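Since the structure comes first, as structure tokens, the remarks are kept for the end.
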2 protein chains.
Amino acid sequence: MNIEPTLCRVEDALSILVGKWKPIILLYLLKNGTQRFSELKRSIPGVTQKVLTKQLRELEEEDIIERVVHPQVPPKVEYSITEYGMSLQPILEAMHEWGTKHTLHKQQKMNKESI
Amino acid sequence: MNIEPTLCRVEDALSILVGKWKPIILLYLLKNGTQRFSELKRSIPGVTQKVLTKQLRELEEEDIIERVVHPQVPPKVEYSITEYGMSLQPILEAMHEWGTKHTLHKQQKMNKESI
DNA sequence: CAGTATCCTCTTCGATACTG
DNA sequence: CAGTATCGAAGAGGATACTG
């Protein structure tokens with residue numbers, strides 16, 4: 001791994017993943033496949049329509065997800081992971097695995113501090 | 001990988017890694033070992049003293065790095081990765097590897113758009 | 001040397017209301 | 001249904017000056 005500023009490419013992946021709901025959006029689409037906007041909204045409690053829209057647009061802009069508009073009334077818009085987006089899965093899995101251990105670490109730390 | 005909100009632990013790792021200079025700090029310490037504050041500052045062009053201090057404190061708070069103060073004049077403070085912090089390396093490597101491919105993808109996209 | 005202290009700007013996110 | 005538009009709060013990061 002080369003850390004010279006011009007050769008360190010960690011930021012690219014990080015900037016795509018950063019966003020309060022982006023990991024959840026990606027994990028949800030990875031697991032459940034194509035989803036309508038309203039399905040995502042329902043599946044992600046707490047997110048507002050405005051913010052969900054924005055995060056989806058940003059992921060689309062990066063070619064991580066695809067947005068398909070079905071021209072009908074009422075509107076139907078479907079989102080899915082692109083093949084390129086699927087390449088992020090190892091990173092998400094690495095973070096998920098780490099997070100699981102982190103939970104234990106946090107608990108141990110709290111126990112230690114409460115002695 | 002479980003994406004149910006209470007079981008999805010992607011956010012834990014992400015929140016630790018997020019910060020304009022944190023990945024660079026970690027990669028630098030991972031590669032070069034223990035470093036003084038001034039060495040880090042010199043190695044990371046663009047960061048201000050205030051922000052570098054803050055990001056180091058946050059990483060320390062998470063037990064990712066260790067801060068050792070040598071009580072002497074002039075002051076000497078050394079930072080190093082903890083064993084726990086080293087566990088983040090696979091994530092950083094996964095992101096770095098992805099970023100390398102991402103560079104190619106971006107170039108291809110730009111070429112495509114400029115046709 | 002290794003920080004604090006202020007002041008500032010920019011972005012992110014949320015609440016709420018409106019629309020084709 | 002799938003968005004926009006507007007307003008507001010909070011935090012990240014930067015410029016600059018000061019200090020034990």
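Protein chains get the first letters and strands the later ones, always in sequence-line order, with residue 1 at the start of each. If you're wondering where the values come from, they're calculated on a predicted model, not measured in any experiment.
Put simply, CD on A/E58 is 10 Å from C1' on C/dT11, counting in whole angstrom units. Rounded to whole angstrom, the span from the NE2 atom of A/H70 across to the C1' atom of D/dG3 amounts to 16 Å. Atom pair A/E78:CD and D/dC1:C1' shows a separation of 13 Å (rounding to whole Å applied). Taking atom NZ of residue A/K50 and atom P of nucleotide C/dT11, one finds them 14 Å apart after rounding to whole Å. A/I44 places its CD1 atom 13 Å from the P atom of C/dC13, with the value rounded to the nearest Å. For the pair B/Q49 CD and C/dC1 C1', the computed distance is 9 Å after rounding to whole Å. The separation between A/L17 atom CG and C/dT12 atom P is 15 Å, rounded to whole Å. The CD-C1' distance, from A/E11 to D/dG13, rounds to 14 Å in whole Å.
For A/E58 and A/K22, the salt-bridge test passes: some basic side-chain N is under 4.0 Å from an acidic carboxylate O. We find that B/R67 and B/E78 are not joined by a salt bridge, their nearest charged nitrogen and carboxylate oxygen being 4.0 Å or further apart.
Comparing the helix axis at one end of the helix from C/dC1-D/dG20 to C/dG20-D/dC1 with that at the other, each defined from 5 consecutive pairs, gives an inter-axis angle of 50° (nearest 10°).
Residue B/L59 comes nearest to B/I16 through the heavy atom pair CD2-O, 3.9 Å, listed as atom of the first residue, atom of the second, then distance. Taking both residues in full, the closest heavy atoms of B/L14 and A/P23 are given as CD2-CG, 3.5 Å, listed atom of the first, atom of the second, then distance.
For the pair A/V18 and A/P75, both in contact range of DNA chain C, the more 5′-proximal nearest nucleotide belongs to A/V18.
For the atom pair CG (B/L29) and CD1 (B/I81), the distance works out to 5.0 Å, reported to the nearest 0.5 Å.
Note on A/R42: nothing from the nucleic acid sits closer than 4.0 angstrom, heavy atoms only. Within the nucleic acid shown, B/K54 comes within 4.0 Å of sugar-phosphate atoms alone, with no base atom in reach, counting heavy atoms only.
Distances shorter than 4.0 Å separate some side-chain N or O of A/R57 from OP1 or OP2 on D/dG3. Contact annotation: B/K76 side-chain N/O to C/dA2 OP1/OP2 distance is not under 4.0 Å. Residue B/Q55 places at least one side-chain N or O closer than 4.0 Å to OP1 or OP2 of D/dG13. For B/Y79, a side-chain nitrogen or oxygen approaches OP1 or OP2 of C/dG3 to under 4.0 Å. Regarding contacts with the backbone of D/dA2, a side-chain N or O of A/R36 is found under 4.0 angstrom from either OP1 or OP2.
Aromatic ring centres of A/W21 and A/Y28: separated by at least 6.0 Å.
Among residues two or more places apart in sequence or in another chain, the side chain to side chain donor-acceptor pair (under 3.5 Å) test is passed with B/T53 by none.
Distances from the side chain of A/S38 to the nucleotides C/dG3, D/dA2, D/dG13 place D/dA2 closest. For A/T48, counting side-chain heavy atoms from C-beta on, the closest listed nucleotide (C/dG14, D/dA2, D/dC1) is C/dG14. The listed nucleotides are C/dA2, D/dA2, D/dG14; the one nearest the side chain of A/R67 is D/dA2.
Taking the six-membered ring for Trp and thresholds of 30 and 60 degrees, B/F37 and B/Y79 have ring planes inclined between 30 and 60 degrees apart.
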